[in-house]
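Notes follow the structure.
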Amino acid sequence: GLGIPAEPLFRSGRICDTGTSANCNRGIKASHGEWIRVIGGDDLIPERALEIQIAYISQHDDIRILTGYCVNFKEEDGIMTQLPSPKKIDTNPRFYESTAQEQYQYLLRLYDFGITDGTLIHRSIYRDVTMYDENYSLIEDLPFCLTVTKAGIKYHYVDTPTMLYRIHDSVVHSNGEKIANQRIWDIRRRIICDMIKPNIPWYAILIRKKIIVDNIIYWFIFNVFHNKRSLKSRAILAILYKL
């Protein structure tokens, strides 16, 4: 297990907002196990998922990172409802059949943010390759995935649900009348500028549909709608997200 935090989360009577990456790193430093599993505070681990993962690892000595697929759910009034899961890396067998460098190139093209869901990671990765980059405080997964695959560490896959991911009503963790959390969107843009764009040809940036659409969505949310919910904003963003 991850154990308890190595540092207090309270200072001067207030909770410290250290961000997701720092929270993960604190837990990892406090842990003692050979294999580490990071999970969000409101997500769940399916029954027998860890047992299946450990059994698979015991039969494959070369594995240092093992994931499965994610099942989305929503909970209302104590009732859990399974939701359809979008097609992402965790449902793409070809990704896991690829080499580490091929996985790195795939991530550069799609920069999927969900690949660490339900993943067991060997302690040596955190010790010898990378911890979670605290420069990107609220997005821990993509910078980590890019760094380890670039270093030649391959993501392996076992065909079982390893994460029950709670879906919120928000667009990237918005709350109240806001459409989106601007801190998260700004960090996404910094990751693209720091880790994606320098590692793909300049001309490829011009034809990357996901980068273009993300920029359009960002412009609409924060410049046109000023991050305020309305029927018009929801309708237009729904269309953009389908592109």
Side-chain angles (χ1 to χ4, degrees), residues 1-3 20-73 82-83 85-133 136 139-167 191 195:
L2 291 181
T20 307
S21 298
N23 290 343
C24 291
N25 289 340
R26 184 185 295 108
I28 290 164
K29 291 174 183 176
S31 68
H32 304 286
E34 181 181 5
W35 290 91
I36 296 173
R37 166 74 183 266
V38 175
I39 182 171
D42 59 352
D43 299 326
L44 301 172
I45 299 176
E47 186 178 357
R48 296 193 68 239
L50 290 175
E51 177 186 344
I52 292 170
Q53 284 180 290
I54 293 298
Y56 190 86
I57 287 168
S58 67
Q59 299 173 9
H60 301 82
D61 294 338
D62 59 327
I63 292 178
R64 290 295 175 265
I65 300 179
L66 179 67
T67 190
Y69 63 86
C70 176
V71 176
N72 294 338
F73 76 95
Q82 184 172 335
L83 300 175
S85 299
K87 290 184 178 180
K88 299 195 307 182
I89 286 176
D90 65 1
T91 57
N92 184 351
R94 290 184 59 188
F95 177 81
Y96 299 105
E97 294 168 0
S98 304
T99 66
Q101 282 302 313
E102 289 170 339
Q103 290 179 349
Y104 173 65
Q105 292 299 322
Y106 191 99
L107 287 166
L108 286 176
R109 294 196 303 274
L110 296 184
Y111 59 96
D112 189 289
F113 284 76
I115 192 175
T116 55
D117 293 346
T119 302
L120 273 181
I121 300 174
H122 195 270
R123 176 174 294 279
S124 62
I125 302 299
Y126 295 115
R127 182 187 66 233
D128 302 334
V129 182
T130 185
M131 297 287 282
Y132 295 102
D133 194 332
Y136 311 110
I139 297 177
E140 83 289 354
D141 46 7
L142 180 62
F144 179 85
C145 297
L146 286 167
T147 300
V148 296
T149 52
K150 188 175 184 179
I153 308 298
K154 175 182 168 67
Y155 273 77
H156 292 264
Y157 175 81
V158 58
D159 189 19
T160 191
T162 55
M163 168 70 84
L164 299 178
Y165 183 75
R166 191 185 304 268
I167 299 296
I191 292 171
M195 304 187 76

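Since the structure is predicted, the reported quantities are computational estimates derived from the model, not experimental observations.
What you find for Leu146 and Tyr104 is that their closest heavy atoms are O-CD1, 3.4 Å. Here the closest non-hydrogen pair linking Met131 and Ile28 is CE-CG2, 3.8 Å. Closest approach of Asp62 and His156 over heavy atoms only: OD2-CE1, 3.9 Å. What you find for Tyr69 and Tyr157 is that their closest heavy atoms are CD2-OH, 3.4 Å. Pairing each heavy atom of Ala151 with each of Val129, the nearest pair is CB-CG1, 4.0 Å. Taking both residues in full, the closest heavy atoms of Asp133 and Ser21 are given as O-OG, 3.3 Å, listed atom of the first, atom of the second, then distance.
Put simply, the side chain of Arg64 does not reach to within 4.5 Å of the side chain of Ile121, judged on heavy atoms. In this structure, the side chains of Pro143 and Ile191 come closer than 4.5 Å at one or more pairs of heavy atoms.
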- Let me see the working for Val38 and Tyr132 under side chain to side chain contact (heavy atoms under 4.5 Å, CB included), right down to the final yes or no. CA-CA 11 Å; Val38 175; Tyr132 295 102; 4.0 Å; yes
Stepwise side chain to side chain contact (heavy atoms under 4.5 Å, CB included) test for Thr20 and Ile139:
CA-CA 7 Å; Thr20 307; Ile139 297 177; over 6 Å; no
Would you check, one step at a time, whether the test side chain to side chain contact (heavy atoms under 4.5 Å, CB included) holds for Ile45 with Met163?
-> CA-CA 5 Å; Ile45 299 176; Met163 168 70 84; over 6 Å; no
Please walk me through it: do Leu164 and Asp43 pass side chain to side chain contact (heavy atoms under 4.5 Å, CB included)? CA-CA 6 Å; Leu164 299 178; Asp43 299 326; over 6 Å; no
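Looking only at distances, a side-chain donor or acceptor of Gln53 sits under 3.5 Å from a matching main-chain atom of Gly118. Side chain of Arg123 to backbone of Gly33: a donor-acceptor contact under 3.5 angstrom is found. Side chain of Gln103 to main chain of Ala100: no donor-acceptor pair is present (N/O by atom type, distance under 3.5 Å, no hydrogens or angles). Side-chain atoms of Glu140 never come within 3.5 Å of backbone atoms of Cys24 as a donor-acceptor pair (strictly under, hydrogens ignored).
With rounding to the nearest 0.5 Å, the separation of CD1 in Ile54 from CZ in Arg48 is 13.0 Å. Taking CZ from Phe73 and CZ from Arg166, the interatomic distance works out to 3.5 Å, rounded to the nearest 0.5 Å. Summarising the geometry, atom CZ belonging to Phe95 is positioned 9.5 Å from atom OG1 belonging to Thr67; distances are rounded to the nearest 0.5 Å. Rounding to the nearest 0.5 Å places CD1 of Ile52 at 12.0 Å from CD1 of Ile57. Of the inter-residue distances, the one linking Leu108 atom CG with Thr149 atom OG1 reads 7.5 Å to the nearest 0.5 angstrom. Taking CZ from Arg26 and OG from Ser31, the interatomic distance works out to 13.5 Å, rounded to the nearest 0.5 Å.
More than 12 heavy atoms of other shown residues, nucleotides or ligands fall within 6.0 angstrom of atom NZ in Lys154.
Remark: of the listed residues Ile65, Leu66, Ile63, Ile65 is the sole one forming a side chain to side chain contact (heavy atoms under 4.5 Å, CB included) with Tyr155.
Aromatic rings of Tyr126 and Phe144 (six-membered ring for Trp) have centroids within the 6.0 Å cut-off, being under it.
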